[in-house]
Enquirer: 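Let me give you the structure first, and then I'll get to my questions.
Keep in mind that the numbers below use all heavy atoms, side chains included, and drop hydrogens, waters and symmetry copies. Please read all numbers here as calculations on a predicted model, not as lab measurements. Counting begins at 1 with the first residue of the sequence.
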Amino acid sequence: MAAALALAPSEADAFGQELDRIRAEVLAERGAEDARYIRTLITVHRALEAGGRASLAFSLLPPAWMAGTAMLTTAKILENMELGHNILHGQWDWMRDPAIHSTTWEWDFPTPAAAWKHTHNDLHHTWTNVVGRDRDLGYVAMRMSEDQPWHPVHLLQPLYGGPLLAPLFEWAIALYDLEPEAVVQGRKSVRAFLGDLAGMAHKAARQFTKDYVLFPLLAGPSALPCLLGNLTANLTRNIWAHTVIFCGHFPAGAESFTEDEIEGESRGEWYVRQALGSANIEGGPLLHILTGNLSHQVEHHLFPDLPSNRYAQIAPQVRKLCEKYGIPYTTGPLLRQYTSTWARIWRLALP
């Protein structure tokens, strides 16, 4: 058991109450500046996507291909990380703008928004890093905690967990969100699975057609380089998202938990577990935006519904609060978090 989980109930409650005050302050301050931030980001995203696709329409010329691919890659990263992920968390629902709302937003990703909100918002954020409850702990296929049983297939996880998974991350997540293992375990009916499969197939077909059929055909003589530009943009976005997510949950210092350890968990103890099970990535403003502010993974797991542009503001307060209660605050530069994550993947591949 992590030492911080052994906090006295009164200490955990006090920790939670201080975090609740931070949350309440941000909620009270939300306003025009925050709305301007998200609308500006949407405008930048749309400009980058339009510019990227326009350039790729003339991508027989190498400079046009490079510029178009770079713009489209950046647009896809912004849409996936800072827009899609955070809008679907309900971070901007307070604006009551139907165009920027968790119930109406559909992102540039094969998995339907509703399916992702169930597996990510409802399951992962409730049971973060709890073995047997959080399916994101290894995404069913990987062993990321000593408390997970070892199987011979885990010997291969350094291969399928990175070189194979990262470039295809969006498609792997789409399949993962179907919860196929729940059908085998009897927790999900075959009928429900087939319904979800049909929804995913429809969304995936639209995504595939848009990037790999429609826009290349519209590019005429530049069809092949346009296709390669779209493929490069998607692969790069996938590798980046995989890197950010793994470095936010699995580097050295990020804890996992057993179901026994969280039995009867109070709100304050839930806060403690979220802080212990997450890790930050240090960097400048551009890095934070390109990660969807998931570089502030600790703050995101404590306050998943607060506007992401506020995480940098409250991070020093959260860190100071963790130090006050003796709760480790895991943070480090991207390279350190990346190498320690892969050290864990290799170590837990062995029995």
Enquirer: To the nearest 0.5 Å, what is the distance between NE2 (H242) and CD (E170)?
Expert: 13.5 Å
Enquirer: Work out which heavy atom in C247 is nearest to a heavy atom in I281; give both atom names and the distance.
Expert: CB-CD1, 3.8 Å
Enquirer: So which atom in S55 and which in G68 form the shortest heavy-atom distance, rounded to 0.1 Å?
Expert: CB-CA, 3.5 Å
Enquirer: May I ask you to check whether E82 and S308 show a side-chain donor-acceptor distance below 3.5 Å?
Expert: yes
Enquirer: If we ignore hydrogens and angles and just use 3.5 Å, is the side chain of W150 paired with the main-chain N or O of A349 as donor and acceptor?
Expert: yes
Enquirer: Any heavy-atom pair between the side chains of D147 and S145 that's under 4.5 Å?
Expert: yes
Enquirer: Does a donor on one side chain and an acceptor on the other come within less than 3.5 Å for E255 and N129?
Expert: no
Enquirer: Going from CG on L321 to CZ on R319, what distance comes out if it is rounded to the nearest 0.5 angstrom?
Expert: 13.0 Å
Enquirer: Using a strict threshold of under 4.0 Å (side-chain N to carboxylate O), is an ion pair present between R135 and E181?
Expert: yes
Enquirer: Could you tell me whether the side chains of N234 and D211 share a donor-acceptor contact shorter than 3.5 Å?
Expert: yes
Enquirer: Quick one: pull up CD in E146 and CD in Q148 and give me the separation to the nearest 0.5 Å.
Expert: 9.5 Å
Enquirer: Under a plain distance cut-off of 3.5 Å, with no hydrogens placed, do D177 and T111 share a side-chain donor-acceptor pair?
Expert: yes
Enquirer: Do the side chains of W270 and I22 join up, straight or via other hydrophobic residues, at under 4.5 Å, putting them in one cluster?
Expert: yes
Enquirer: Mind checking whether L348 and F246 sit in one hydrophobic cluster, side chains of I, L, V, M, F, W, Y counted as touching below 4.5 Å?
Expert: no
Enquirer: Test your reading of the model: is there a side-chain donor-acceptor pair from N121 to the backbone of W116, 3.5 Å cut-off?
Expert: no
Enquirer: Counting C-beta onward and ignoring hydrogens, is there a side-chain heavy-atom pair between T73 and R237 closer than 4.5 Å?
Expert: no
Enquirer: Quick one: does any side-chain atom of E269 pair with a main-chain N or O of S266 as donor and acceptor, under 3.5 Å?
Expert: yes
Enquirer: Calculate, to the nearest 0.5 Å, the distance between atoms CE and CD1 belonging to M144 and I345 respectively.
Expert: 4.5 Å
Enquirer: Side-chain contact, heavy-atom cut-off 4.5 Å: L276 with P328?
Expert: yes
Enquirer: Would K203 and E106 count as a salt bridge (Lys or Arg N to Asp or Glu O under 4.0 Å) here? Give the steps.
Expert: CA-CA 10 Å; K203 178 79 186 297; E106 190 56 73; 2.8 Å; yes
Enquirer: Could you tell me if the side chain of E323 sits less than 4.5 Å from the side chain of Y329, heavy atoms only?
Expert: no
Enquirer: Please check if the side chain of W94 supplies one atom and the backbone of L306 the other of a donor-acceptor pair under 3.5 Å.
Expert: no
Enquirer: Would you say V131 and F257 make side-chain contact, with heavy atoms under 4.5 Å?
Expert: no
Enquirer: Can you tell me if K210 has over 12 outside heavy atoms packed within less than 6.0 Å of its NZ?
Expert: yes
Enquirer: Answer yes or no: are there more than 12 heavy-atom neighbours, outside R96 itself, under 6.0 Å from its atom CZ?
Expert: no
Enquirer: Check S278 against Q274 and note the closest heavy-atom contact, atom names and distance.
Expert: OG-O, 2.8 Å
Enquirer: Do M71 and E49 come close enough that some side-chain heavy atom pair is under 4.5 Å?
Expert: no
Enquirer: Could you tell me how the ring of Y37 sits relative to the ring of W92: parallel (under 30°), tilted (30 to 60°) or perpendicular (over 60°)?
Expert: parallel
Enquirer: Go through F303 and V318 one step at a time and tell me if the side-chain contact (heavy atoms from CB on, under 4.5 Å) criterion holds.
Expert: CA-CA 11 Å; F303 311 114; V318 172; 4.2 Å; yes
Enquirer: Under a 4.0 Å threshold between the charged nitrogen and the carboxylate oxygen, would E29 count as salt-bridged to R310?
Expert: yes
Enquirer: Applying side-chain contact (heavy atoms from CB on, under 4.5 Å), run through R133 and T128 and close with a yes or a no.
Expert: CA-CA 8 Å; R133 303 296 290 271; T128 305; over 6 Å; no
Enquirer: Does any donor atom in the side chain of D108 or N80 lie under 3.5 Å from an acceptor atom in the other side chain?
Expert: no
Enquirer: Hydrophobic clusters here meaning ILVMFWY residues chained together by side-chain heavy-atom distances under 4.5 Å, can you tell me if I262 and V272 are in one?
Expert: yes
Enquirer: Should F250 and W346 be regarded as members of a common hydrophobic cluster, given that ILVMFWY residues are connected when their side-chain heavy atoms come within less than 4.5 Å of each other, either directly or indirectly?
Expert: yes
Enquirer: Would you please indicate if the ring centroids of H301 and H296 are separated by under 6.0 Å?
Expert: no
Enquirer: Considering all heavy atoms of both residues, which atom of L60 and which atom of P62 are nearest to each other, and what is their separation?
Expert: O-CD, 3.4 Å
Enquirer: Would Q207 and Y212 count as a side chain to side chain donor-acceptor pair (under 3.5 Å) here? Give the steps.
Expert: CA-CA 8 Å; Q207 293 296 112; Y212 304 128; over 6 Å; no
Enquirer: Does one side chain, of Q17 or Y271, offer a donor that lies under 3.5 Å from an acceptor on the other?
Expert: no
Enquirer: Could you walk me through whether R267 and D13 pass salt bridge (Lys or Arg N to Asp or Glu O under 4.0 Å), step by step?
Expert: CA-CA 7 Å; R267 178 172 177 79; D13 288 344; over 6 Å; no
Enquirer: To the nearest 0.5 Å, what is the distance between CG on L165 and OH on Y139?
Expert: 8.5 Å
Enquirer: Please check this pair: side chain of Q297 against backbone of L294, looking for a donor-acceptor N/O pair closer than 3.5 Å.
Expert: yes
Enquirer: Answer yes if the side chains of E299 and N280 hold a donor-acceptor pair under 3.5 Å, and no otherwise.
Expert: yes
Enquirer: Do H85 and W107 make the cut of ring centroids closer than 6.0 angstrom?
Expert: no
Enquirer: Are T258 and V130 close enough, and set up right, to give a side-chain contact (heavy atoms from CB on, under 4.5 Å), and what steps lead you there?
Expert: CA-CA 6 Å; T258 66; V130 177; over 6 Å; no
Enquirer: Any donor-acceptor pair under 3.5 Å linking the side chain of R143 with the backbone of H154?
Expert: no
Enquirer: Near R187 CZ, under 6.0 Å, is it more than 12 heavy atoms from other residues, nucleotides or ligands?
Expert: yes
Enquirer: So, S295 side chain and T291 main chain: donor-acceptor pair closer than 3.5 Å or not?
Expert: no
Enquirer: Can you tell if the side chain of N230 reaches within under 4.5 Å of the side chain of L72, non-hydrogen atoms only?
Expert: yes
Enquirer: Would you say M142 ends up clustered with L175 if hydrophobic residues are merged whenever their side chains have heavy atoms under 4.5 Å apart, either directly or through other cluster members?
Expert: no
Enquirer: Testing the basics here: between F109 and I173, what is the closest heavy-atom pair and its distance to 0.1 Å?
Expert: CE2-CG2, 4.0 Å
Enquirer: Keeping H89 on the side-chain end and Q91 on the backbone end, is there a donor-acceptor pair under 3.5 Å?
Expert: no
Enquirer: Using a 3.5 Å distance criterion without hydrogens, assess whether the side chain of S340 forms a donor-acceptor pair with backbone atoms of Q337.
Expert: yes
Enquirer: If I take atom CZ from residue R46 and atom CG from residue L83, how far apart are they, to the nearest 0.5 angstrom?
Expert: 9.0 Å
Enquirer: Let's go through S222 and L56 carefully: what are the C-alpha distance in whole Å and the side-chain angles of both, what is the deciding distance for side-chain contact (heavy atoms from CB on, under 4.5 Å) to 0.1 Å, and is it a yes or a no?
Expert: CA-CA 7 Å; S222 296; L56 287 173; over 6 Å; no
Enquirer: Quick one: closest heavy-atom pair of A14 and Y325, and the distance?
Expert: CB-OH, 3.3 Å
Enquirer: Can you tell me if CD on E263 sees more than 12 non-hydrogen neighbours from other groups inside 6.0 Å?
Expert: no
Enquirer: Going by heavy atoms in the side chains, are L159 and L164 under 4.5 Å from each other?
Expert: yes
Enquirer: I want to know whether H124 and H249 have ring centres closer than 6.0 Å.
Expert: yes
Enquirer: Under a 3.5 Å distance rule, please check whether Y160 uses its side chain to pair with a backbone N or O of A141 as donor and acceptor.
Expert: yes
